[in-house]
Amino acid sequence: MRFSQLLIPTLKEDPSEAEVISHKLLLRAGYIRKLSSGSYTYLPLGLAAIRKVEKIVREEMNAAGAQEILMPMVQPADLWQESGRWQVYGKELLRVKDRHNRDFCLGPTHEEVITDLARKNIHSYKQLPLNLYQIQTKYRDEARPRFGLMRGREFIMKDGYSFDASDQGANETYEKMKYAYHRIFSRCGLRFRAVDADSGAIGGSFSHEFMVLADTGEDTIVICKSCSYAANMEKAACRQSPPPEDIRLEEIKKIETPGKRKVQVVCDFLQITPAELVKTLVYIVNGETIAVLLRGDHEVEEVKLANILGVSDEELRLADDKEIFDATGTPSGYLGPIGLQIRTVADQEIAALRNFTVGANDKNFHLQGVNMGRDFSPTLTGDIRKVTDRDHCLLCGSELELTKGIEVGHIFKLGTKYSLAMKATFLDDQGAETPFVMGCYGIGVSRVVAAAIEQHHDKDGIKLPAAIAPVQALLLNLSPQDEEITRAAEDIYQELRSKNIEVILDDRDERPGSKFKDADLIGMPLRITVGKSFSQQGLIEIRQRADGQTFTIPLPETVATVMELIAKTEA
RNA sequence: CGGGGCGUAGCGCAGCCUGGUUAGCGCGCCUGCCUUGGGAGCAGGAGGUCGGAGGUUCGAAUCCUCUCGCCCCGACCA
């Protein structure tokens, strides 16, 4: 491939629309162009990188026993009505009508289609287990697409679905997929962690997210500094504070705190720390008003709260000031658990507190010396807060670290949610009609490319890992007018091609400076330069993009050296 | 969906507040000369319904109304 004939529209300046580094570089390096908010055209380099990721995904999925298929992107509404998600899925599901006025949607995911496929074609346990996947463009009408390929409306996804005859079989398949995912992201050259995730609304028993570690990540994950524990915020647990020593329980004192409502203000006024105060939040849960007790320095994790209440997190929200007053007769800021007439959920940390401060349920008053159990009893107690970096690992007690991650993969054990809803069954070895036990496994292929750039770049441009770089080498002919140099560059080019080494020859009539700048920007692992040092000393320069290491060698050794360097990065 | 910002040449921007000649600048693009190891230089040139519609005015990129698009924060995100 010749640079002069490829569409690689590089940009000198950052496009104003891009915020995060991967978005800026993908645009500047001519990998992608935007069509409209959240949808992008993949130009030759961008597509080549995506194909590399796809290739790795295919190899590992096939090796794990999965089979590739391709399902329609436009899906009939009746399947979604059958699973119940036509109503539940919300605005993200882009719905369209055909010429007969029948309802369809653009597939954001394919559980319904695959389950329909299975129920129509799999009838016996002898056909199981079955693991199918596809790599396809997905459409989700995102409320707010952002960050280029990171969160688009339209994006390329590998989605896989497994069908097992038993729960145990499904667990084994899940583990196989987990292993395959580790291999896939390792081969892509990514630093990542698999974290425990909340399987929440989807149902099913467990779920892991594969998170690429990067500051621009949209998700917060919790990882242990010394053991392997890792979880996302919704799921992360930590050690409870130790049970208190024998402390004398004080009497309750009512103290006037005029105008002091915010935790920090009350604490400053009373000369205590937020950890010695218990705040009372009010939630509306399916119309019911519920009080939530939490240490002053902690925050609610709504997914955990929803789980303990046995509802979905969409069914709860914070009450506004008027709702609080109507339900409790007290303005917000002075609420407390003592004497409250509504159901109360306490975070488990409060059990470890003694003689703490709460609102008095009386405007401008707080109570000190309060103790749970003696003075009030919550309806429910449990872990309902977000873990902080001051907490300690549930498994080993070491320090925890909060870090940002980009979700590039997510695996779920679905169980029988869809097979039951859609009556997808087979006959087991006893002749009994049994629902499939399912799992589903997603990888954001286009997002992987963006995440890789977030992790691998410098001030000059992209430094994609060799495994997913569009091509392995960029060959610079610095003087297309110079016959000798051009002949040498062409010879190297032909020889590399004959050895099946992917290479782009920069044969453009540009000055050397521009070629070097573009080379750094588009970021191929190896840069091979034929220029002045060749005409003067017969030497070729090979430079590694990743670490800047440079080799100057005689022309005849060039191709062998290139092959050596490529082999080394693959090892 | 709530809050904020921005739409002027392919890209990045100025001009708008305070209306008034042919609407500017840098980069890119085209032609020629020159130059050739880190985005050179000189000369010439092409390229704009100032996002769109309506209004105010003798006159609108500029003021007003509506509308479309894009970006950011939040909500949302199987």
Side-chain angles (χ1 to χ4, degrees), chain A residues 9-20 23-24 27-28 30 33-39 80 83-86 88-93 105 107-112 114 138-148 150-153 155 157 159 161 197-204 207 209 218-219 232 234 302-303 312-314 317-318 407 410-412 414 417-418 438-442 444 447 460-461 476-482 485-486 506 508-521 527 529-537 539-541 543 548 550 552:
Chain A
T10 59
L11 265 19
K12 279 192 184 178
E13 292 171 281
D14 282 339
S16 61
E17 69 190 47
E19 194 72 14
V20 300
H23 191 191
K24 286 180 183 172
L27 288 167
R28 281 195 55 205
R33 281 296 180 266
K34 182 176 70 184
L35 176 62
S36 69
S37 182
S39 39
W80 285 72
S83 72
R85 291 207 292 183
W86 187 256
V88 180
Y89 208 97
K91 290 187 184 165
E92 246 184 74
L93 186 65
C105 61
T109 176
H110 280 70
E111 282 84 3
E112 281 79 2
I114 199 98
K138 292 281 186 273
Y139 197 95
R140 294 181 189 176
D141 195 357
E142 288 283 347
R144 183 146 91 84
R146 66 191 106 165
F147 304 151
M150 211 86 96
R151 176 173 292 276
R153 290 195 152 93
F155 58 97
M157 180 170 173
D159 50 326
Y161 307 86
D198 184 82
S199 50
I202 293 207
S207 164
E209 290 174 346
E218 295 185 85
D219 301 298
N232 71 11
E234 288 89 58
E302 294 191 353
V303 171
S312 104
D313 59 337
E314 283 155 20
R317 63 174 174 86
L318 271 173
E407 182 187 349
H410 200 161
I411 58 177
F412 291 91
L414 289 175
K417 176 181 161 122
Y418 292 92
M438 294 173 58
C440 80
Y441 318 95
R447 187 184 274 184
D460 296 313
L476 303 187
N477 174 353
L478 287 192
S479 299
Q481 286 83 358
D482 183 310
I485 287 175
T486 299
D506 190 346
R508 294 175 301 167
D509 187 16
E510 292 286 339
R511 296 168 58 81
S514 300
K515 297 196 175 186
F516 287 131
K517 288 291 184 189
D518 275 345
D520 288 342
L521 227 203
R527 186 186 79 191
T529 308
V530 187
K532 197 159 55 186
S533 52
F534 174 71
S535 40
Q536 291 174 352
Q537 303 155 65
L539 295 176
I540 305 295
E541 178 194 278
R543 180 183 162 95
T550 305
T552 308

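Numbered from 1 within each chain, the chains take letters A, B, ... in sequence-line order. A quick note: this is a predicted structure, and the numbers were derived from the prediction, not measured.
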- Which one of Arg153(A), Lys91(A), Arg151(A) satisfies the salt bridge (charged side-chain N to carboxylate O under 4.0 Å, His left out) criterion with Glu142(A)? Arg151(A)
- Have a look at Glu218(A) and say if it touches a base, only the backbone sugar-phosphate, or nothing, with a 4.0 Å heavy-atom cut-off. nothing
- Message: If I pick the C1' atom on A46(B) and the same atom on G7(B), what distance separates them, to the nearest angstrom?
- Response: 24 Å
- Item | Check: C71(B) base within 3.5 Å donor-acceptor of Arg146(A) side chain | no
- When rounded to the nearest Å, what value does the distance between P atoms of U49(B) and G24(B) take? 15 Å
- Polar pair under 3.5 Å, donor/acceptor by atom type, side chain Asp14(A), base G12(B): no
- Query: Of the candidate nucleotides G38(B), U36(B), G37(B), which contains the atom at the shortest distance from the side chain of Lys532(A)?
  - Reply: G37(B)
- Note on the structure: Testing C71(B), C76(B), U36(B) for proximity to the side chain of Lys34(A), the answer is C71(B)
- By nearest-nucleotide position on RNA chain B, the 5'-leaning member of Val20(A) and Pro15(A) is Pro15(A)
- Taking the side chain from Thr486(A) and the backbone from Asp482(A), do they hold a donor-acceptor pair closer than 3.5 Å? yes
- Note on the structure: Out of U36(B), G37(B), A75(B), minimum distance to the side chain of Ala143(A) belongs to A75(B)
- To the nearest Å, how far apart are Asp509(A) CG and G32(B) P? 11 Å
- Task: Calculate the interatomic distance between Arg508(A) atom CZ and G38(B) atom C1'; express it in whole Å.
- Result: 13 Å
- Message: Going by purine N1 to pyrimidine N3 plus the second Watson-Crick contact, or the G-U wobble pair, all under 3.5 Å, which nucleotide sits opposite G7(B)?
- Response: C68(B)
- Query: Within the structure shown, what part of the strands sits under 4.0 Å from Ser36(A) by heavy-atom distance: base, sugar-phosphate, or nothing?
  - Reply: sugar-phosphate
- Message: Quick check: any donor-acceptor pair below 3.5 Å linking the side-chain of Glu510(A) to the base of G39(B)?
- Response: no
- Task: Hey, which sits more toward the 5' end of RNA chain B by its nearest nucleotide, Gly513(A) or Arg153(A)?
- Result: Gly513(A)
- Message: Whole angstroms only, please: what is the CG-C1' distance between Leu27(A) and C71(B)?
- Response: 13 Å
- For Arg447(A) and Glu407(A), indicate whether the former's side chain and the latter's backbone hold a donor-acceptor pair under 3.5 Å. yes
- Task: Please give the nucleotide sitting opposite G48(B) as a Watson-Crick or G-U wobble pair, both distances under 3.5 Å, or none.
- Result: none
- With rounding to whole Å, what would you report as the distance between A60(B) and C33(B) at their C1' atoms? 44 Å
- Message: Taking 4.0 Å as the cut-off, does a side-chain nitrogen or oxygen of Arg511(A) come that near to OP1 or OP2 on A40(B)?
- Response: yes
- Message: Applying the salt bridge (charged side-chain N to carboxylate O under 4.0 Å, His left out) criterion to Glu17(A), which one of Arg146(A), Lys24(A), Lys34(A) satisfies it?
- Response: Lys34(A)
- Query: With a non-hydrogen cut-off below 4.0 angstrom, is Arg28(A) in contact with a base, only sugar-phosphate, or nothing?
  - Reply: base
- Message: For C42(B), give the paired nucleotide (Watson-Crick: N1-N3 plus N6-O4 or O6-N4; G-U: N1-O2 and O6-N3; both under 3.5 Å), or none.
- Response: G32(B)
- Task: Could you state the atom-to-atom distance from CG of Leu35(A) to P of G69(B) in whole Å?
- Result: 13 Å
- Message: For the C1' atoms, the ones on A14(B) and on C25(B), what distance do you get once it is rounded to whole angstrom?
- Response: 7 Å
- Message: Is it the case that the side chains of Glu112(A) and Ser83(A) hold a donor-acceptor pair, with the cut-off being a distance below 3.5 Å and no angle test?
- Response: yes
- Task: Identify the nucleotide, in any strand shown, that forms a Watson-Crick or G-U wobble pair with C63(B), with both distances under 3.5 Å; if there is none, say none.
- Result: G55(B)
- Query: Should Lys12(A) be listed as having a side-chain N or O under 4.0 Å from OP1 or OP2 of C27(B)?
  - Reply: no
- Query: Are Asp141(A) and Tyr139(A) linked by a side-chain donor-acceptor pair shorter than 3.5 Å?
  - Reply: no
- Message: Before you tell me yes or no, could you show the steps for Ser479(A) and Gln481(A) under side-chain hydrogen bond (donor to acceptor under 3.5 Å, both in side chains), namely the whole-Å CA-CA distance, both residues' side-chain angles and the distance that decides it to 0.1 Å?
- Response: CA-CA 5 Å; Ser479(A) 299; Gln481(A) 286 83 358; 5.8 Å; no
- Message: If I compare all heavy atoms of Pro480(A) with all of Lys515(A), which pair ends up nearest, and what's the gap?
- Response: CG-NZ, 3.9 Å
- Message: Using a distance-only criterion (donor-acceptor N/O pair, under 3.5 Å, no hydrogens), is the base of G26(B) paired with the side chain of Glu13(A)?
- Response: yes
- Query: What is the distance, rounded to the nearest whole Å, between atom CG of Asp518(A) and atom C1' of C11(B)?
  - Reply: 14 Å
- Under-3.5 Å donor-acceptor pair between Ser533(A) side chain and G37(B) base: yes
- Message: Output the rounded distance in Å from CD (Gln536(A)) to P (U36(B)).
- Response: 12 Å
- Task: Return the value, rounded to whole Å, for the distance between atom CZ of Arg33(A) and atom P of C70(B).
- Result: 17 Å
- Message: Please determine whether a side-chain nitrogen or oxygen atom of Ser16(A) lies at a distance below 4.0 Å from atom OP1 or OP2 of C70(B).
- Response: no
- Query: Hey, is the side chain of Lys515(A) poking within less than 4.0 Å of OP1 or OP2 on G38(B), counting only N and O atoms?
  - Reply: no
- For G55(B) and U18(B), measure between their P atoms and round to the nearest Å. 24 Å
- Message: Taking G10(B) as the reference, what is the distance to C29(B) when you measure between their P atoms (whole Å, please)?
- Response: 15 Å
- Task: Could you work out the separation of G69(B) and G19(B) based on their C1' atoms and round it to a whole Å?
- Result: 27 Å
- Nucleotide nearest Phe147(A) when distance is taken to its side chain, options G37(B), G39(B), C72(B): C72(B)
- Query: Does Arg527(A) get its side chain close enough to the base of G38(B), under 3.5 Å, for a donor-acceptor pair?
  - Reply: yes
- Query: Quick one: Lys24(A) NZ to C71(B) C1', roughly how many Å, whole number?
  - Reply: 13 Å
- Task: Using the C1' atom as the reference point in each nucleotide, state the distance between C42(B) and U35(B) in Å, no decimals.
- Result: 11 Å
- If pairing means Watson-Crick or G-U wobble with both distances under 3.5 Å, then the partner of C1(B) is G74(B)
